[in-house]
There are 2 protein chains.
Amino acid sequence: MSAIGFERHDHAGCIDDAMRQAESRCKADKLQFTPMRRRVFEILLEAHRAFGAYDILEVLVQDGHAAQPPTVYRALDFLLKAGLIHRIERLNAYAACALLDEHGHGAHDHVPAFLICRHCRSVAEAEGDLTISGLAEAAAATGFLVERQVVEAEGLCPACRKDPAAAEVAA
Amino acid sequence: MSAIGFERHDHAGCIDDAMRQAESRCKADKLQFTPMRRRVFEILLEAHRAFGAYDILEVLVQDGHAAQPPTVYRALDFLLKAGLIHRIERLNAYAACALLDEHGHGAHDHVPAFLICRHCRSVAEAEGDLTISGLAEAAAATGFLVERQVVEAEGLCPACRKDPAAAEVAA
DNA sequence: AGAAGGGTTGTTACAGTATAACATCTCATC
DNA sequence: GATGAGATGTTATACTGTAACAACCCTTCT
């Protein structure tokens, strides 16, 4: 597998790297990596685990910023669309992408698979086109104990594909 | 694959079957399949798609029952633990299990994989130990267009496995 | 019969997650 | 300096889920 997330690493270095990659990514795609978006991304990188929107909000407030929920959710939407972070459905939370490539692309061609610790909320991101049971086995090999798995594919069913009202692009 | 959910079928018949299987399952396991739990299960079977807790509540109220949220969530917890329904994380919603076996066991040994229509919220349940990309391909073969996939495994990370406080059984 | 106890449901209140709607600001461009 | 697009500020509210305690129903034991 090659799950990224639980092994020890140079934390300050990985934050710097990710930040630089995010910047070049946004620059290349003409996306505005504003101070607010940058700060939210940084908070997630520093946390190095899944953080809820209101956890992020709390940090912003500690920063001295009188932020409100929509501000955080907007930044999160931007980062999600840019492929810089992931939403962890199971936790209603967000985590910085651990697999940015050399161009700062987190918007992998692959589907991310996450290993989520229910105790400390740390998140590891596995790569590779594993089977469902293969993921659990690979996780076990790294010392992670899988207790529950979620596999969900969202899209359009055969009937709704024929419905023009449903055709609009997915958010 | 054999995704169950989008093809036409004898709806009244499948509800009756599922209900009978649920009853025998609960009887065998000495679980109380009370009128409230039975009704909530029935609502999900009739809906035949993902229903939020408050959607269910609304139906109960239309029934003339002055139900409150905890009543619905309790019934859902029971049905989840009994393996009769699934929670669809992506939608914060619930769907009756489509794969009860001849003994009324929905608590498969397999990990369920869901195909969720973002337009009509219908849910198909795929079986088999597919790879991530295999799921999308198999879905496409049935006419379902996958736009987004979620793979999440929840459990304990290597560090937290050593922490007694984390050892308590997952709910 | 009465007491005790486990499990289910009723009820009130509230916590946590997310968004609608509209105002304001900033900055590049014309 | 006017315009317009995108970003952020602000208020209010919707949606999802749970804590805590009371009441009820049954079974079991004495």
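The chains referred to below are lettered A, B, ... by the order of the sequence lines, with proteins before strands, and numbering in each begins at 1.
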Can you tell me how far [atom2] of [N] sits from [atom1] of [X], to the nearest Å?
{"X": "B/Leu91", "N": "D/dG17", "atom1": "CG", "atom2": "P", "value": "11 Å"}
{"X": "A/Lys30", "N": "D/dG6", "atom1": "NZ", "atom2": "C1'", "value": "16 Å"}
{"X": "A/Asp55", "N": "C/dG16", "atom1": "CG", "atom2": "C1'", "value": "10 Å"}
{"X": "B/Phe78", "N": "C/dT9", "atom1": "CZ", "atom2": "C1'", "value": "14 Å"}
{"X": "B/Leu57", "N": "D/dC15", "atom1": "CG", "atom2": "P", "value": "12 Å"}
{"X": "B/Phe51", "N": "D/dT16", "atom1": "CZ", "atom2": "P", "value": "12 Å"}
{"X": "B/Arg121", "N": "D/dC15", "atom1": "CZ", "atom2": "C1'", "value": "11 Å"}
{"X": "A/Asp77", "N": "C/dT19", "atom1": "CG", "atom2": "P", "value": "7 Å"}

Side-chain donor/acceptor contact of B/Tyr54 with base of D/dA14 under 3.5 Å: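 In this structure, the two groups form no donor-acceptor pair.
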Donor-acceptor pair present, B/Arg74 side chain and C/dG10 base, under 3.5 Å: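 Pair found.
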OP1 or OP2 of [N] under 4.0 Å from side-chain N/O of [X]:
{"X": "B/His65", "N": "C/dT9", "result": "no"}
{"X": "A/Gln32", "N": "D/dG6", "result": "no"}
{"X": "B/Arg87", "N": "D/dG17", "result": "yes"}

Sugar-phosphate only, base, or nothing, as touched by A/Tyr94 at under 4.0 Å among non-hydrogen atoms: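 If one applies the 4.0 Å heavy-atom cut-off, A/Tyr94 turns out to touch the sugar-phosphate alone, with no base involved.
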Give the nucleotide from the list [options] with an atom nearest to the side chain of [X].
{"X": "A/Thr71", "options": "D/dG9, C/dA18, D/dA7", "answer": "D/dG9"}
{"X": "B/Pro69", "options": "C/dG7, D/dT18, D/dA7", "answer": "D/dT18"}
{"X": "A/Pro70", "options": "D/dT8, D/dT11, D/dG17", "answer": "D/dT11"}
{"X": "A/Met36", "options": "D/dG17, C/dT17, D/dT8", "answer": "D/dT8"}
{"X": "B/Tyr73", "options": "D/dG6, D/dT16, C/dT19", "answer": "D/dT16"}

Would you say that [X] contacts [Y] through its side chain, given a criterion of any heavy-atom pair below 4.5 Å between the two side chains?
{"X": "A/Leu156", "Y": "B/Cys117", "value": "yes"}
{"X": "B/Arg118", "Y": "B/Glu147", "value": "yes"}
{"X": "B/Leu44", "Y": "B/Leu76", "value": "yes"}
{"X": "B/Ile43", "Y": "B/Leu60", "value": "yes"}
{"X": "B/Arg90", "Y": "A/Val150", "value": "no"}

Toward the 5' end of DNA chain C, by each residue's nearest nucleotide, B/Ala66 or B/Arg37: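 That would be B/Arg37.
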Minimum-distance pair of heavy atoms, taken over all atoms of B/Ser122 and B/Arg49: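 Smallest heavy-atom distance, with atoms named: CA-CB, 3.5 Å.
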DNA chain D: 5'-proximal contact among A/Asn92 and A/Ala75 (nearest heavy atom):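 Result of the comparison: A/Ala75.
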